[in-house]
Asker: 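Here you go, one structure.
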2 protein chains.
Amino acid sequence: MQMRGHSHHRVHVILQGAAILSTSLADGRKQILRVLMPTDFVGRLGSETTQYDATALTDVTTGSFSRPAFEALLRISPEMTHRLLHSTLKELDDARELLLLLGRKTATEKLASFLLALQRRSQRLRPNRIRLPLYQFELADLLGLTHETISRQFATLRDHGVVECHGPRQIEILDIDTLVEMSGGDPNEHAVSPVMQ
Amino acid sequence: MQMRGHSHHRVHVILQGAAILSTSLADGRKQILRVLMPTDFVGRLGSETTQYDATALTDVTTGSFSRPAFEALLRISPEMTHRLLHSTLKELDDARELLLLLGRKTATEKLASFLLALQRRSQRLRPNRIRLPLYQFELADLLGLTHETISRQFATLRDHGVVECHGPRQIEILDIDTLVEMSGGDPNEHAVSPVMQ
DNA sequence: CGCTGTATTGATGCAAGTCAAGGTAAGTGG
DNA sequence: CCACTTACCTTGACTTGCATCAATACAGCG
């Protein structure tokens, strides 16, 4: 699957597999905006103008609506509208987390944060063993780095015994406390008493 | 106005004035997520966990709902739900534009892009005269730079005759073509023919 | 076996950060 | 009115984290 700008004015839902949503500049610099997972929507839901690229990471199966059909569905079903609203709000929160990462974190913190977010998300048999959905060179485009820097950051994580790599896109977290330390911390951990003036 | 984490589980609507929505790391590094303008919503709409800071830039008047009251409103009024959905989708698009800027643009491109976005938005008497809603040091926290870098970028824009500064937070765009050139361009300008495999 | 695509590692350069010292303009109050 | 403060901006010297460029390694596979 490779789509430019969600052609045909259709709305898609990811049913199985993973994909990435990205945008890029004229000279080829690319920024991945989101890793799309099952239940995620893709398409021109809001503005008529903004277009993104969707690229499959694995085999993907999707459901698909024409724009008018989708709008009719929303008109008929408040239930559906609420679900879409909540998933959009979740996407917005995820995007904002990424804004902080891209704008203010160092390379080390970026990778550590990403790995922790991934671990939080994926509840697997062995929780410290995670399958990376992306290659290192794709990770670079998600974290706003080069693939060389990603490789070097993985190397230092390995050297410090924080993670272990088992083949490509397969890593194991050995020392999660150090990883948390290296991540620069969550924004919400320093929550202070509510104030309003 | 200064709020930490939208206390009281309330939802607010900006009616007049401007504010910023931001988040920050434990050590003080800060990322501005959005400049809030009239009609923007603030509050814990989606997740129960994520908290942001809202800070007024000017005098601000807001409308306010308790969380249950707001949820009741959404249940009763599909009209309202649709409006909220659309504004959330718009916020998501804005956030994604900022993701590209933070992850992949240079300092020059960041400032140029910001000024162009500002000009696009604000339809004023003299279109090339714009009031910056933020001080330079706040701009730094929006664009993922330091205030020194912002100042230097303004200096080079001035030196090249692209903009002129009339007092703080008041600038005039003299050469919009060069500014567009310096902005690195829009992601959508290189749109290719739609493909889907 | 030799591609092709991904990852590693080293050498070097530079954009932006850091540190530091003013500058300017708008208050404030003696 | 003028010292003094406060808040924002500017500029310079220096440092550094990450990018860039380049070479090599490695694994899967047709």
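A note on names: the letters A, B, ... follow the listed sequences, proteins ahead of strands, and every chain is numbered from 1. Reckoned from all heavy atoms, side chains included, excluding hydrogens, waters and symmetry mates. A quick note: this is a predicted structure, and the numbers were derived from the prediction, not measured.
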Asker: I'd like to check the side-chain hydrogen bond (donor to acceptor under 3.5 Å, both in side chains) partners of Asp40(A); sequence neighbours left out, ordered by chain and number.
Answerer: Arg34(A)
Asker: Under 4.0 Å between a side-chain N or O of Gln136(B) and OP1 or OP2 of dT10(D)?
Answerer: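 Affirmative; the distance criterion is met.
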Asker: Please find the pair of heavy atoms, one from Leu157(B) and one from Leu179(B), that lie closest to each other, and give the distance.
Answerer: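 Looking at all heavy atoms of both residues, the shortest contact is CD2-CD1, 4.2 Å.
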Asker: Under 4.0 angstrom, heavy atoms only, what part of the nucleic acid is Arg169(B) near: base, sugar-phosphate, or nothing?
Answerer: nothing
Asker: Could you give all pairs that pass the salt bridge (charged side-chain N to carboxylate O under 4.0 Å, His left out) test and reach residues 147-171 of chain A, with sequence neighbours left out?
Answerer: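 Passing the test, one end in residues 147-171 of chain A: no pairs.
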Asker: Under the side-chain hydrogen bond (donor to acceptor under 3.5 Å, both in side chains) rule, collect the residues that match up with Ser64(B), sequence neighbours excluded.
Answerer: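 For Ser64(B), the residues satisfying side-chain hydrogen bond (donor to acceptor under 3.5 Å, both in side chains) (neighbours in sequence not counted) are Arg10(B).
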Asker: Atom pairs, N/O to N/O, protein against nucleotides 17-23 of chain D, distance under 3.5 Å?
Answerer:
| unit_1 | atom_1 | unit_2 | atom_2 | d |
| --- | --- | --- | --- | --- |
| dC18(D) | OP1 | Ala107(A) | N | 2.9 |
| dA19(D) | OP1 | Thr146(A) | N | 3.4 |
| dA19(D) | OP2 | Thr146(A) | N | 3.3 |
| dA19(D) | OP2 | Thr146(A) | OG1 | 3.0 |
| dA19(D) | OP2 | Thr149(A) | OG1 | 2.3 |
| dT20(D) | O4 | Arg152(A) | NH2 | 3.0 |
| dC21(D) | N4 | Glu148(A) | OE2 | 3.1 |

Asker: Write down the distance between CZ (Phe154(B)) and P (dT10(D)), rounded to a whole number of angstrom.
Answerer: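 In whole Å, dT10(D) P and Phe154(B) CZ are 8 Å from each other.
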Asker: Does Thr178(A) have any side-chain hydrogen bond (donor to acceptor under 3.5 Å, both in side chains) partners at least two apart in sequence or in another chain, and if so, which?
Answerer: Asp175(A)
Asker: Distance under 4.0 Å to a non-hydrogen atom of chain A counts as contact; along DNA chain C, which nucleotides mark the start and end?
Answerer: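 First and last nucleotides in contact are dT6(C) to dA11(C).
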Asker: Determine all donor-acceptor pairs shorter than 3.5 Å in which one atom belongs to a side chain in residues 98-110 of chain B; sequence neighbours excluded.
Answerer:
| unit_1 | atom_1 | unit_2 | atom_2 | d |
| --- | --- | --- | --- | --- |
| Arg104(B) | NE | Lys30(A) | O | 2.8 |
| Arg104(B) | NH1 | Leu145(A) | O | 3.3 |
| Arg104(B) | NH2 | Ala140(A) | O | 3.0 |
| Arg104(B) | NH2 | Asp141(A) | OD1 | 2.9 |
| Arg104(B) | NH2 | Leu145(A) | O | 2.9 |
| Lys105(B) | NZ | Ser113(B) | OG | 2.9 |
| Thr106(B) | OG1 | Glu109(B) | N | 3.3 |
| Thr106(B) | OG1 | Glu109(B) | OE1 | 3.4 |
| Thr108(B) | OG1 | Gln153(B) | OE1 | 3.2 |
| Glu109(B) | OE1 | Arg29(A) | NH1 | 2.8 |
| Glu109(B) | OE1 | Thr106(B) | N | 2.9 |
| Glu109(B) | OE2 | Arg29(A) | NH2 | 2.9 |
| Lys110(B) | NZ | Leu143(B) | O | 3.0 |

Asker: Provide the full list of ring-ring contact (aromatic ring centres under 6.0 Å, His included) pairs with a residue in residues 131-156 of chain A, sequence neighbours left out, each pair given once.
Answerer: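 Listed once each, the pairs are Tyr135(A)-Phe137(A).
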Asker: Holding to ring-ring contact (aromatic ring centres under 6.0 Å, His included), I want the full list of residues that pass it with Phe70(B), two or more places apart in sequence or in another chain.
Answerer: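 If we apply the ring-ring contact (aromatic ring centres under 6.0 Å, His included) test to Phe70(B), skipping adjacent residues, the hits are Phe41(B), Phe65(B).
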Asker: Have a look at Arg158(B) and say if it touches a base, only the backbone sugar-phosphate, or nothing, with a 4.0 Å heavy-atom cut-off.
Answerer: sugar-phosphate
